[in-house]
Enquirer: 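Let me begin by handing over the structure; questions about it come next.
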Number of protein chains: 2
Amino acid sequence: MSKKRVTLADVARLAGLSTSAASMILTGRPDTRLSPEAHAKVHEAAATLGYRPNMAARALRTDKTRTLAFISDHIATTRYGNGLIRGALAASEEAGHVLMMLETYGDPAHETRAIDAAIDRQVDGIIFAFVRSREVFLPSITSNVRMVMLNGTNRQCPIAILPDEYQGGCEAVSLLADANFTDGIVLLGHNAEVEEGLFRSGTILSRLNGIRSEMVSRGLGFVDELSSWNWEPENGYKLMKKYLKNSRPKALLCMNDRLAFGAYQALSEAGLKIPEDVSVVSFDNDEIAAYLRPGLTTIGLPHEAMGREAVRVLLDEKIVESETLVAMEPMIRGSVGGAD
Amino acid sequence: MSKKRVTLADVARLAGLSTSAASMILTGRPDTRLSPEAHAKVHEAAATLGYRPNMAARALRTDKTRTLAFISDHIATTRYGNGLIRGALAASEEAGHVLMMLETYGDPAHETRAIDAAIDRQVDGIIFAFVRSREVFLPSITSNVRMVMLNGTNRQCPIAILPDEYQGGCEAVSLLADANFTDGIVLLGHNAEVEEGLFRSGTILSRLNGIRSEMVSRGLGFVDELSSWNWEPENGYKLMKKYLKNSRPKALLCMNDRLAFGAYQALSEAGLKIPEDVSVVSFDNDEIAAYLRPGLTTIGLPHEAMGREAVRVLLDEKIVESETLVAMEPMIRGSVGGAD
DNA sequence: ACTATTTGCTAAAACGTTTTACCATGATTA
DNA sequence: TAATCATGGTAAAACGTTTTAGCAAATAGT
């Protein structure tokens with residue numbers, strides 16, 4: 001039953017050469033002086049035997065496994081940042097690498113275990129990925145394995161990939177401005193005065209800065225700003241429900257899609273049509289955004305591109321320090337109409 | 001800079017013993033005759049040096065990597081079946097294993113590449129996971145690595161984990177029956193006559209069989225059955241929109257949550273309240289189910305449990321053939337009221 | 001015609017474990 | 001007293017590669 005693995009020695013024997021020769025030929029070493037015939041024989045032998053190199057043995061010798069670790073807090077086990085995995089997976093496959101998934105649940109004990117597990121297995125590099133970009137803790141790492149932070153930053157690790165939230169903020173405002181909205185714009189999810197002094201993560205701050213600076217440079221202002229600490233559908237629904245009792249906004253700029261999702265329901269219950277009565281623009285490009293009717297126009301987090309970028313940077317040994325900002329992608333759907 | 005890895009030989013040297021002794025002690029071999037002092041010395045040495053075994057070397061010798069491959073068609077890169085990963089990840093961690101993710105996009109070329117990549121890396125087992133359970137193709141595998149099919153079946157692989165769709169179908173009907181619905185129940189997504197002879201996957205057939213047999217044994221019947229090949233929100237919306245022009249159902253049994261999602265919107269636009277006017281029950285426990293207002297009562301696919309079960313079975317070498325049916329889990333939310 | 005150089009290849013060490021076989025030494029038994 | 005056995009350990013082989021150093025034959029240089 002148990003097929004004996006075919007080894008390099010088998011190939012060499014069949015080809016009538018030494019294992020050294022076989023090794024050099026199969027790994028495609030450049031400056032070797034083996035004859036064309038030798039090459040042919042070895043390749044043929046390898047093909048007929050169906051030879052596959054034993055990566056454990058190779059790893060032992062070369063310290064390279066063509067395996068990367070993807071250590072995330074909540075990425076693999078929730079739907080957030082699924083695109084990160086998609087991108088990372090695709091890019092590693094293209095690079096002939098394989099991804100090892102480890103989840104830490106944001107828990108330090110799990111983090112150390114995950115890191116140990118990865119390093120024990122001699123991974124060529126580690127991607128640390130986080131649901132919400134932020135400055136992040138990490139257990140100190142003794143090994144000098146390559147690392148990149150995906151959607152997060154950490155001073156121990158000088159390579160980071162982040163979404164360009166500032167640019168995203170600008171884009172969102174531009175969308176409304178270009179649709180000729182000049183007033184009646186409500187910001188849903190943040191109020192500058194109310195939240196004075198409260199800490200928002202760096203990435204959210206960038207998003208807000210982008211929004212506010214673009215508003216100013218377009219000569220616009222919000223008619224109202226509705227504050228909410230949590231950006232869940234529930235909050236969007238309640239805030240809008242209450243707000244609609246006395247006001248009729250023309251456009252909603254929602255801090256994320258989940259708030260927008262809640263707002264949709266409140267608007268619908270108030271008999272308001274999107275986009276005829278109210279336009280809505282938002283952030284993240286959550287999966288729900290496409291399901292809503294009409295489709296939600298939103299400035300998408302470029303998760304897939306970020307995932308790809310992470311492995312690209314990780315594999316490029318020349319890069320030793322860099323902070324990459326990946327552009328956010330406006331997803332134009334049906335929720336923004338034109339102002340009168 | 002580059003810290004030299006601390007090796008077993010270092011530990012042995014510090015402990016004043018041979019590597020053989022150190023190895024035996026650290027791997028916790030049972031029937032060795034090394035003294036308690038030897039044990040103590042080795043453990044201490046290992047601790048002070050921070051020794052971590054080189055798994056490549058160990059794998060080379062023992063052919064065990066404590067690594068499993070999770071090869072899926074679209075699981076890792078979409079939000080479907082995220083629970084499968086969650087369960088598999090948790091279970092492998094508990095078992096001291098690590099998961100290697102590979103995605104095939106349902107494409108045979110990717111499948112062979114993924115399988116090769118996994119086997120090259122000497123994984124201890126492979127989980128093949130699929131978004132929709134079905135009989136599934138696989139490139140023939142020469143290696144005699146352990147395999148399990150997760151949410152799918154294949155004759156080459158006699159171990160499979162599947163959701164108990166039949167039982168799920170029964171549960172859904174029971175939910176309505178127990179709420180005293182006796183008539184006005186509409187089935188959304190399937191019509192026995194219209195779809196006569198059309199092929200649905202085995203798992204969907206089981207779901208339908210469960211539904212229909214429980215209906216019969218409860219003495220119930222559907223007042224209407226609305227056929228739709230694709231079960232997307234769009235379809236649910238359109239079907240219900242049209243149906244509501246002439247009819248007023250009391251309860252909706254939706255074939256999945258996405259249909260239900262569409263139906264919600266149609267009901268809302270028709271001014272019907274859930275659950276006061278219409279009760280809704282559905283299948284899958286998609287993430288949207290919890291977001292809807294009111295929360296959607298649905299018979300959940302037990303993805304997490306299935307994922308756990310997959311690694312449990314994979315790691316239990318005694319099991320050589322088995323088909324596990326994992327019970328579906330009714331998620332009671334607010335969408336089912338009581339019949340008058 | 002002898003010494004260098006190139007050509008084409010191989011032997012053997014090394015990577016870090018696990019495991020088998022064996023070796024002292026002292027205690028027990030016959 | 002000699003043979004046996006238990007005790008506590010070690011030496012060395014093996015796993016399958018990669019890589020360094022080197023060897024013999026052929027070619028080139030003087």
Side-chain angles (χ1 to χ4, degrees), chain A residues 2-43 45-46 49-67 119-124 143, chain B residues 2-43 45-46 49-67 119-124 143:
Chain A
S2 86
K3 293 270 172 203
K4 202 78 192 82
R5 222 174 193 294
V6 21
T7 158
L8 186 60
D10 300 330
V11 174
R13 194 173 315 119
L14 179 57
L17 289 168
S18 68
T19 60
S20 334
S23 169
M24 291 168 154
I25 289 174
L26 288 179
T27 53
R29 250 181 178 233
D31 54 349
T32 181
R33 296 177 315 228
L34 295 160
S35 66
E37 301 89 63
H39 279 257
K41 279 190 295 185
V42 167
H43 278 122
L49 292 181
Y51 169 70
R52 310 238 81 216
N54 180 329
M55 304 217 51
R58 179 176 287 179
L60 184 56
R61 192 62 232 261
T62 63
D63 236 8
K64 295 258 163 285
T65 52
R66 302 192 80 79
T67 303
I119 294 180
D120 287 355
R121 286 167 180 79
Q122 327 269 113
V123 295
D124 292 346
S143 156
Chain B
S2 83
K3 294 267 172 206
K4 202 76 195 83
R5 222 173 193 295
V6 22
T7 158
L8 187 59
D10 299 331
V11 174
R13 193 172 316 119
L14 179 56
L17 289 169
S18 66
T19 60
S20 334
S23 170
M24 291 169 154
I25 288 173
L26 288 179
T27 53
R29 254 187 176 222
D31 54 349
T32 181
R33 298 177 313 227
L34 296 160
S35 68
E37 301 89 63
H39 279 256
K41 279 190 295 185
V42 166
H43 278 121
L49 293 181
Y51 170 71
R52 307 238 82 215
N54 179 329
M55 304 218 49
R58 179 177 286 179
L60 184 57
R61 191 62 233 260
T62 62
D63 237 6
K64 296 258 163 285
T65 52
R66 300 192 81 78
T67 302
I119 293 179
D120 287 354
R121 285 167 181 78
Q122 328 271 113
V123 295
D124 292 346
S143 156

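Every chain is numbered from 1 and lettered A, B, ... according to where its sequence line falls, protein lines coming before strand lines.
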Enquirer: Check whether any side-chain heavy atom of Tyr51(B) sits under 4.5 Å from a side-chain heavy atom of Asp10(B), and report yes or no.
Expert: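 Side-chain contact under 4.5 Å: no.
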Enquirer: Can you sort out which residues in residues 17-28 of chain B have a heavy atom within less than 4.0 Å of DNA chain D? Ascending by number, please.
Expert: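 Only Leu17(B), Ser18(B), Ser20(B), Ala21(B) qualify.
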Enquirer: Nearest heavy atom decides the nucleotide; on that basis, is Pro36(B) or Leu8(A) closer to the 5' end of DNA chain D?
Expert: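 Of the two residues, Pro36(B) wins.
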Enquirer: Specify the residue among Ala38(B) and Ala57(B) whose closest nucleotide of DNA chain D lies further upstream toward the 5′ end.
Expert: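 The residue whose closest nucleotide sits nearer the 5' end is Ala38(B).
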Enquirer: Dump the intermediate steps for side-chain hydrogen bond (donor to acceptor under 3.5 Å, both in side chains) on Thr67(A) and Arg121(A), then the final yes or no.
Expert: CA-CA 9 Å; Thr67(A) 303; Arg121(A) 286 167 180 79; over 6 Å; no
Enquirer: What heavy-atom pair brings Asp124(B) and Asp63(B) nearest, and what distance separates the two atoms?
Expert: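 Heavy atoms of Asp124(B) and Asp63(B) come nearest at OD1-O, 4.1 Å.
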Enquirer: Earliest and latest nucleotide of DNA chain D, 5' to 3', sitting under 4.0 Å from a non-hydrogen atom of chain B?
Expert: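 Going 5' to 3' along DNA chain D, contacts run dT7(D) to dG16(D).
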Enquirer: Can you find a heavy atom in the side chain of Arg66(A) that is under 4.5 Å from one in the side chain of Arg58(A)?
Expert: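 Of all side-chain heavy-atom pairs linking Arg58(A) with Arg66(A), none is under 4.5 Å.
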Enquirer: List the steps, then state whether side chain to side chain contact (heavy atoms under 4.5 Å, CB included) holds for Leu34(B) with His39(B).
Expert: CA-CA 7 Å; Leu34(B) 296 160; His39(B) 279 256; 4.2 Å; yes
Enquirer: Applying the side-chain contact (heavy atoms from CB on, under 4.5 Å) test to Arg29(B), which of Thr27(B), Leu26(B), Ile25(B) qualifies?
Expert: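 Considering Thr27(B), Leu26(B), Ile25(B), a side-chain contact (heavy atoms from CB on, under 4.5 Å) with Arg29(B) is found only for Thr27(B).
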Enquirer: Should Asn54(B) and Thr7(B) count as side-chain neighbours, where that means a heavy-atom distance under 4.5 Å?
Expert: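 No, too far: nothing below the 4.5 Å cut-off.
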Enquirer: Of the non-hydrogen atoms in Met55(A) and Gln122(B), which two are nearest, and what is the gap between them?
Expert: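 Closest approach of Met55(A) to Gln122(B), heavy atoms only: N-OE1, 4.4 Å.
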Enquirer: Of Arg33(B) and Arg58(B), whose nearest nucleotide on DNA chain C comes first from the 5' end?
Expert: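 Going by which nucleotide is closer to the 5' end, it is Arg58(B).
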